[in-house]
Amino acid sequence: MAEITEGEVNRAVLVGLSAGSLRREENATDESMEELRALLETAEGECLAIVLQKKDTPEARTFIGEGKVQEVKELVQTLEADMVIFDNSLSPSQQRVLTEELGVTVLDRAALILDIFARRAKTSEGRLQVELAQYQYLLPRLTGMWGHLVRQTASGGKSPIGTRGPGETQLETDRRHIRRKIAKLQEELEQVRRVRGTQRQRREKNEVPVVALVGYTNAGKSTLLNALTGSDIPANDRLFDTLDTTTRTLEISDTCTVLLSDTVGFIRKLPHHLVEAFKATLEELAFADLLLHVIDASNPMWREQAEVVESLITELDAAQTPRVDVFNKCDRYTGDITPHGENIVSISAKTGQGLDTLRDVIGQHLDRGAAQVTLHIPYEQGGLVDMLYREAKVQSVAFADEIEVVVTCTSKILGQVSEFIRRDDI
């Protein structure tokens with residue numbers, strides 16, 4: 001798969017098409033082209049020029065038409081570009097034709113995002129997911145990328161010794177190899193999904209609620225997680241800085257503790273292969289008790305970005321999960337009145353503004369009526385202490401005539417141990 005070369009700066013011309021026959025989300029716009037430039041910079045490339053064409057309908061062979069191809073080719077030669085990147089999705093045949101016509105590597109937005117994901121994935125799970133998405137993207141493009149390998153390796157005649165066989169082409173061999181790789185990766189990710197399911201059952205048994213951070217890339221999710229939990233997860237001002245899910249414990253109150261999970265950021269035209277590959281991670285959204293949809297209030301396009309996130313939440317079967325819209329970076333908000341209303345909180349993760357209000361809102365959704373009590377447990381029933389450590393939040397244990405345990409527990413656990421609460425303690 002063609003990729004942005006590490007160790008040297010790729011110089012690229014960016015091309016986009018806006019056509020009346022395309023769906024709104026498929027078209028290139030001034031905003032999406034600027035986002036493509038930011039993606040290129042994230043991949044450590046340099047943008048030399050941007051070409052945005054308006055046309056009634058895409059051209060089947062070259063997508064943008066022969067005249068525009070010639071114009072882009074002259075631009076590539078004049079600026080000495082080594083790459084052309086399209087904001088729209090290209091078919092394998094269009095990508096092959098454009099590469100031949102322009103004489104340089106041609107990628108589309110999906111390939112660029114895949115390259116960034118490949119660079120950023122740190123955990124073994126993240127790498128598995130990215131590798132699966134890359135192979136799924138690559139499979140239909142083999143003919144163009146490895147055209148020089150389309151040759152008979154064993155068709156009889158004067159074939160060299162050792163190459164005679166059933167007549168299978170190298171391309172077909174490569175396709176079969178990649179299909180095997182895809183099947184193996186899917187199997188490994190299914191194992192990841194099973195492990196997550198087991199962990200989820202354990203959390204549900206312990207009644208620990210889960211809060212998932214979702215949002216457009218660079219909305220400030222990692223900064224918010226750090227601000228709420230005191231963590232030091234890397235949080236930089238760049239696209240797709242977080243690929244690997246991070247979970248931290250958040251103390252909302254003495255009676256409410258939750259798990260807060262950071263997730264990969266969304267973006268318009270996110271490659272479908274990536275959404276599929278990351279479902280092992282993103283399915284957590286459907287099982288979360290609460291979603292915090294983090295929105296960059298300082299971005300003029302925040303409404304469009306929020307729409308993208310909403311559609312992906314629906315695709316991931318998480319539309320029914322309770323949600324709070326968290327408008328971040330409100331210290332840089334340019335409107336007259338910051339967003340407000342039911343299940344809407346305006347904050348600045350950077351300055352700390354509004355974080356107490358956000359904690360209160362999370363508590364209103366998830367505080368399940370836990371209570372702190374003191375238990376006096378006879379030594380012959382000491383096994384209950386182990387159960388409390390597993391199922392509740394033990395504050396302290398003291399040993400005297402009896403085992404005195406100060407514990408915060410839900411009404412369910414409280415019902416099991418109520419006989420050990422002395423009347424004078426109530």
Side-chain angles (χ1 to χ4, degrees), residues 195-215 220-233 235 242 244-263 281 283-294 318 321-326 328 343 345 347 349 352 354-375 377 384-398 403-418 420-421 425:
V195 170
R196 282 187 183 279
T198 302
Q199 293 170 338
R200 192 182 306 119
Q201 288 171 355
R202 192 176 301 124
R203 287 199 306 262
E204 290 169 352
K205 181 180 177 183
N206 294 344
E207 298 191 13
V208 181
V210 176
V211 179
L213 295 170
V214 297
K221 297 182 296 300
S222 296
T223 304
L224 176 57
L225 187 141
N226 287 340
L228 287 172
T229 66
S231 302
D232 56 356
I233 298 164
T242 301
D244 301 306
T245 300
T246 304
T247 301
R248 294 290 185 270
T249 300
L250 171 60
E251 302 278 347
I252 296 297
S253 67
D254 289 340
T255 60
C256 183
T257 299
V258 304
L259 293 177
L260 188 62
S261 285
D262 193 7
T263 61
T281 299
E283 71 174 4
E284 285 289 294
L285 301 184
F287 293 98
D289 297 276
L290 180 67
L291 299 183
L292 299 185
H293 178 182
V294 184
T321 306
R323 183 155 73 251
V324 173
D325 290 336
V326 181
N328 190 26
N343 290 328
V345 182
I347 67 158
L355 292 185
D356 288 340
T357 302
L358 179 58
R359 287 190 187 91
D360 290 342
V361 171
I362 295 172
Q364 290 166 18
H365 277 274
L366 299 178
D367 195 330
R368 294 172 176 172
Q372 181 172 300
V373 294
T374 301
L375 305 176
I377 302 173
L384 283 173
V385 178
D386 290 334
M387 182 275 286
L388 290 170
Y389 270 110
R390 290 194 310 271
E391 309 286 348
K393 185 177 179 183
V394 175
Q395 309 289 347
S396 65
V397 178
I403 306 172
E404 185 177 287
V405 183
V406 179
V407 61
T408 301
C409 52
T410 62
S411 55
K412 174 185 170 184
I413 302 299
L414 197 58
Q416 297 176 26
V417 296
S418 58
F420 304 109
I421 305 174
D425 288 338

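Along the sequence shown, residues are numbered consecutively beginning with 1.
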inquiry  = Restricting to non-hydrogen atoms, name the atom on Leu250 and the atom on Leu228 that form the minimum distance, rounded to 0.1 Å.
reply    = CD1-O, 3.3 Å
ask   = side-chain hydrogen bond (donor to acceptor under 3.5 Å, both in side chains) with Thr229: which residues, sequence neighbours excluded?
value = Ser231
note = side chain to side chain contact (heavy atoms under 4.5 Å, CB included) filter on Leu414, not counting sequence neighbours, yields Val373, Cys409, Ile421
query = With sequence neighbours excluded, what pairs up with Thr249 under the side chain to side chain contact (heavy atoms under 4.5 Å, CB included) test?
reply = Glu251, Thr257, Leu259
task = Measure from the side-chain N and O atoms of Ser261 to the backbone N and O of Thr247, and report whether any donor-acceptor pair falls under 3.5 Å.
result = no
ask   = What are the two closest non-hydrogen atoms of Ala227 and Leu355, and how far apart are they?
value = CB-CD1, 3.7 Å
task = Would you name the heavy atoms of Thr408 and Gln395 that are closest together and state the gap between them?
result = OG1-NE2, 2.9 Å
request  = Would you sort out whether Leu384 and Phe420 count as a side chain to side chain contact (heavy atoms under 4.5 Å, CB included), showing the intermediate values?
outcome  = CA-CA 11 Å; Leu384 283 173; Phe420 304 109; 3.2 Å; yes
key: side chain to side chain contact (heavy atoms under 4.5 Å, CB included) against Gln364, all qualifying residues, sequence neighbours excluded   = Asp360
inquiry  = Please evaluate residues Leu290 and Val258 with respect to the criterion side chain to side chain contact (heavy atoms under 4.5 Å, CB included), reporting the C-alpha separation (whole Å), side-chain torsions for both, the decisive distance (0.1 Å), and the verdict.
reply    = CA-CA 10 Å; Leu290 180 67; Val258 304; over 6 Å; no
key: Any Leu358 side-chain heavy atom under 4.5 Å of Leu224 side chain   = yes
request  = Grab the two heavy atoms, one from Thr263 and one from Leu213, that are nearest each other, plus how far apart they are.
outcome  = OG1-O, 2.6 Å
request  = Under the salt bridge (Lys or Arg N to Asp or Glu O under 4.0 Å) rule, collect the residues that match up with Asp386, sequence neighbours excluded.
outcome  = none
ask   = Do you know the tightest heavy-atom contact between Ile403 and Val397?
value = CG2-CG1, 3.8 Å
inquiry  = Which residues pass the side chain to side chain contact (heavy atoms under 4.5 Å, CB included) test with Asn343, not counting sequence neighbours?
reply    = Val324, His365
request  = Quick one: do Ile362 and Leu292 satisfy side chain to side chain contact (heavy atoms under 4.5 Å, CB included)? Show the steps, please.
outcome  = CA-CA 9 Å; Ile362 295 172; Leu292 299 185; 4.0 Å; yes
Nearest heavy-atom neighbours spanning Asp289 and Pro209 = OD2-CA, 3.2 Å
message = As an exercise, state the distance from CD1 of Ile347 to CG of Asp356, rounded to the nearest 0.5 Å.
response = 11.5 Å
